[in-house]
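Heads up, the thing below is written out as structure tokens.
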Amino acid sequence: MKEVTSSYNPRDIETRVQDYWKNENIYARVQALRNDGKAFFFVDGPPYTTGHIHLGTAWNKIIKDAILRYHRMRGANVIERAGYDMHGLPIEVKVEHQLGFTSKKDIEEYGIAAFIEQCRTFAVTHMGIMSDQFRKLGVWLDFDNPYQTIDAGYIESAWWAIQRADERGLLERGHRVVNWCPRCETAIADSEVEYWDETDPSIFVKFPVVGRENEYLVIWTTTPWTLPANVAVAINLAFTYARVRAKKDNDEEILWIADELVEPVLKMGRYQDYTVIEKVPGSGLVGMEYTSPLAGHVPHQAEIRHRVVAADYVTLENTGLVHIAPGHGWDDYLVGIKEDLEVFCPVDAGGCFTPAAGAFADMYVRDANDVVVDALGGYLLARRTITHRYGHCWRCKTPIIYRATAQWFLKATSIRGEMLDEIAKVKWYPGWAGSARFHDFVKESRDWCISRQRYWGIPIPIWHCEECGEYTVIGTIAELEERSGATIPDPHRPYVDEVTIPCSCGGEMRRVADIFDVWFDSAVASWATLGFPRQREAFDRYWPADFITEGQDQTRGWFYSQLGASTVAFGRAPYKSVLMHGFALDAEGRKMSKSIGNVVTPEEVMNQFGVDVLRFYVLWANAPWDDLKFNWDGVKTVHRTLNILWNVYRFPLPYMALDAFEPAAGDGGRWDGSFVRAHIGEMPEEDRWIVSRVNSLARAMNDDMQEYHLHRETRALAAFILEDLSRWYVQLVRPRMWLEEDSPGKRYAYETSYYVMRRLTTLLAPFTPHIAEEIYQNLRLEGDPESVHMLDWPEAEDSLIDAHLEADMGVVQSFDDAVATARQAGKRKLRWPVGEAVVVTESVEVKTALQDLNALALARANARAVRVVTGTWDRILWQAEPVMRAIGPEFGKEGPKVKALIESADGTALKAAIERDGKATIDGYEITARHVTFAEALPTGVFSAPMKDATVYVDVTLTPALEAEGYAREVIRRIQDMRRQLDLNVNDFIVAAVEIADGRVASLVGEEEWQNEIAGEVRAAALTVRHADGKRPAEPFALEKDWDVEGVQMQIGISRAGE
RNA sequence: GGGCCCGUAGCAUAGCCGGUGGUGCACCCGGCUGAUAACCGGGAGGUCGUGCGUUCGAAUCGCACCGGGCCCA
């Protein structure tokens, strides 16, 4: 063990430790060490390769790393690989930006092959950058061999799953309304829609009722451009509708509006008067037919038989009648299916009207709003604008539209029951993440649209024959090669688009043009990371995953996509336990975003405070499942804690080095703690106590780790470092470290300190792997493993836990605090001894603790005596306080006099008299208990402070003996200070002289007892103490200083002995 | 609009199967000076988001509302 002189420098330590891991190949060796352990299969949720990691990503990986390191230390053979999500529209859009593209046409002209190579380069480059960042966080996942969603093997895992879906009848091609980005010209998932406010028209439109002159249904919409696709109007059967004769100027017309909404609607339409002709329940409207006001502009509208249908989702807002266009809305579409309505969608992939839209053909739909409104003419009842949340493409920010298109679906609704059953079988941390949140989400889930009309993704492996309409789903590349006769070097577009398969009808099957929704990529990660279906062995051994952990946003994301794909493919969940963690927010609880400018990056924190501080902070700040409100003060606190850990660690090293201390080794030169176990009975109380504490810590941590209470783990560690080690044990053990001679006491101090640090670094290893390693490297014995991460996680040694001693020590700590408080009140420094400290208590625990640990209590209080008193301490005095509410009425105008007499009376005597006789007489006035109360009064020089279940009284009155020691201590302190100024070693001897201006003090300090004490404490070979006589010392000292000690002038000189 | 989570001193957090609200940071005051560009102690600071309810008693249970987050519509 080497002495450590440098203060805590995380960056140096972390660089050195990471180099060591790399050079010694520690990560691989730890894995090899646990090879025979029980398998623990972990699947890394793949981050998307867009670029740099943020605080949330860092937190995510840190949680994973801490948990996996823990499992490894518990002996588990952890099966893991880092993973990356590398396909998808976000990368396509980035590349489009780089190349200056604005539409799919640009891509087609540039060439799909060249385009996807750009995408591949982008993804691979950023993967490398991110891996380096994760490595810097000290994350031990396999970054050299990560699973990548763009690998051919990975793509096969997805193909295989979709083939299984087809076999189970869960793959379906259907016409559905989907979120559609008119710029990207593709369907996008619900999860790819971002909402923010847009201002849109808000219009009320009159639909003419068939066969009724001048009679209209009034509907409301914010998307005029969907009116050309209208086929029906929906009402709610639960509402009452009014048939109203409305008057405007000289015109009259008859309008249908929900009864309760008549007033506001007519006001909006500037009608001056109205009368309700009749009120009809919703059912009375169903089947009513109407014509489109746009029939003259959109030829097809003239052919549609529009009618009124019922729908539950219609609310009592606007007019209570809802315009239905099944081609442009999800709810509309469902109503359409139920009512067998036509799905009319005269809008193309680019968001422009098709020729079927008649007069509106070729217009971009959002631009067409005004034109449509104009075309409504007199059918427009009112026009306003509205600002409301509207969906946008997450990548290019274009407002989305809803569009009915042919897409491929995974029929999640058919396996919903299975999925819900599986959720219940998974162990969720916390429980509500599964039972409430995820369960409710899945319960509401819809079929999953897995097709996208894009380029950079896993091609959907469906080949279709245009001749006979047959289609076939391919499960592997080998299968495709066999059936097509082609070789497939790369299963991506456009290469795979060329491959054709002969159809049994004699025709030729071609691949459908679509690629997978990128969420389907990561959905198959649990078996793709094991190389399945190309390799079966690992899959058979390890699948499903023992554990995964991701943020709460992944409820709808990866938790769901994996569950869906796995339930389809294997009929069960792909994970056995899931820890759902929170989101990283700023200190105000807002989302970190570039536009607000509140983003804190992991690099910032690492550069200022180091990786271990960042790691410990994010695990310590709050429970994993709560959102993390990032706070620099918290980071600083953690830094301080690790700094104290560092100081506590290096504190005993110089003494150990000086004594060439070697910890007792066990079998094979390996440290095993046997010395402490063997000698625990003989060791001083504080040693037994800290050994007990560190074992209690291990016990508590084992319990908390079972539930992944990482915040409790780290908080328990911090509390141990600060409270138990730094503030208590180190203070108590100090004098034993300074002992000159070898002694059992010193040996115990060394062995105990060593034992505690070894235990502590092991417990810290999963959380702060660098500082733990750094300390371990200095502490480890020859036979010990090369890394702290090769050690086994410590079980609590029950035989070393002494609950009684821990309780006793708690009392002494409380006593220590109380004495400090009382001393402060009495303005008596801790350096100055006091006569006695008296503890008044009724508590048996307090009493026994202060008896058991009396020597310790004496030392801590720096008192000549510590006594425990039950009942009342006889030195307590009482101050009588008159009760005027009783005195006034009874003594009348004598009251003030009685008041004064009571106040000046000897309260203590008065109290005793009243307690004895029930009354007392002062100057002839009879005083009873109701006239007076008593407040505690302390004798001169006594100060009190409360502690748990007791009160401490400290008498700070000085006597010559106490004063002698006090001044002697002051002298010692100043000489020590001067030694430091001379930069002397702790074992150097000095010669010193003390000249004291005050003769009385000089003679007190000059007593032989104190002169010897001073000489011993400051390692003085020669010391003179005398009353200053104005003469300078004969020999000049290396350092001379004048001091003011509590108002007494002293001149002190010291030199190194022999110089 | 719905589901889930969160809302405790200036900031962050513990307590949350009910019984006089703990802790850290910051702040003020002090101590220590053989961990020292450290360390330690003391003090002040709280309508436990708001309101209603259950109860002898609620930060803790119930309901409603307000604010924040994630997700859904």
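So that the names make sense, note that chain A is the first sequence line, chain B the second, and so on, each numbered from 1.
Nucleotides G42(B) and A37(B) have their C1' atoms positioned 25 Å apart, rounded to a whole Å. Comparing the same atom, C1', in G15(B) and in G46(B) gives a spacing of 15 Å after rounding to whole Å. Rounded to a whole angstrom, the distance from the P atom of G22(B) to that of G45(B) is 14 Å. Here the separation of G19(B) from C27(B), taken at their C1' atoms, is 34 Å to the nearest Å. With both ends at atom C1', the span from G51(B) to A44(B) equals 31 Å, rounded to whole Å. Separating the P atom of C61(B) from that of C6(B) is a span of 10 Å, rounded to the nearest Å. U36(B) and G21(B) have their P atoms separated by 41 Å, with the value rounded to a whole Å. Taking atom C1' on both A12(B) and U8(B), the two are 11 Å apart, rounded to the nearest angstrom.
Residue S726(A) places its side chain closer to C40(B) than to any other of C40(B), C71(B), C4(B). The side chain of K629(A) lies closest to U13(B), out of U36(B), G42(B), U13(B). The side chain of D627(A) sits closest to G69(B) out of C40(B), G69(B), U13(B). For Q552(A), the listed nucleotide lying nearest its side chain is G69(B); candidates were U13(B), U36(B), G69(B). Distance from the side chain of D440(A) is smallest for G3(B) among the nucleotides G3(B), G69(B), C39(B).
Residue-level contact check: D816(A) touches neither bases nor backbone, having no heavy atom under 4.0 Å from any strand. If you check every strand for non-hydrogen atoms under 4.0 Å, A621(A) touches sugar and phosphate atoms only. Contact annotation for F438(A): no contact, since no heavy-atom pair falls under 4.0 Å across all strands. Heavy atoms of N643(A) sit under 4.0 angstrom from primed sugar atoms or phosphate atoms, though from no base atom.
You won't find any donor-acceptor pair under 3.5 Å spanning the side chain of R437(A) and the base of C5(B), going by distance alone.
Ion pairing of R712(A) with E707(A) is absent here, as no side-chain N (NZ or NE/NH1/NH2) approaches a carboxylate O to less than 4.0 Å. A salt bridge does not link R650(A) with E3(A): none of the charged nitrogens is closer than 4.0 Å to a carboxylate oxygen.
Contact annotation: R973(A) side-chain N/O to U33(B) OP1/OP2 distance is under 4.0 Å. Regarding contacts with the backbone of G34(B), every side-chain N or O of R979(A) stays at 4.0 angstrom or more from both OP1 and OP2. Look at R640(A) and you'll find a side-chain N or O under 4.0 angstrom from OP1 or OP2 of C39(B). Regarding contacts with the backbone of U33(B), every side-chain N or O of R734(A) stays at 4.0 angstrom or more from both OP1 and OP2. Residue R831(A) places at least one side-chain N or O under 4.0 Å from the OP1 or OP2 atom of C32(B). Taking side-chain N and O atoms only, R828(A) has no distance below 4.0 Å to OP1 or OP2 of G30(B).
With W1043(A) as the aromatic partner, K1041(A) meets the cation-pi criteria of under 6.0 angstrom to the ring centre and within 45 degrees of the ring axis.
Position along RNA chain B of the nearest nucleotide to H711(A) versus L725(A) favours H711(A) as the more 5'-ward residue.
Pairing for G1(B) is with C72(B), a Watson-Crick or G-U wobble pair whose two hydrogen-bonding atom distances lie under 3.5 Å.
Within 6.0 Å of CD in E260(A) there are 12 or fewer heavy atoms belonging to other residues, nucleotides or ligands.
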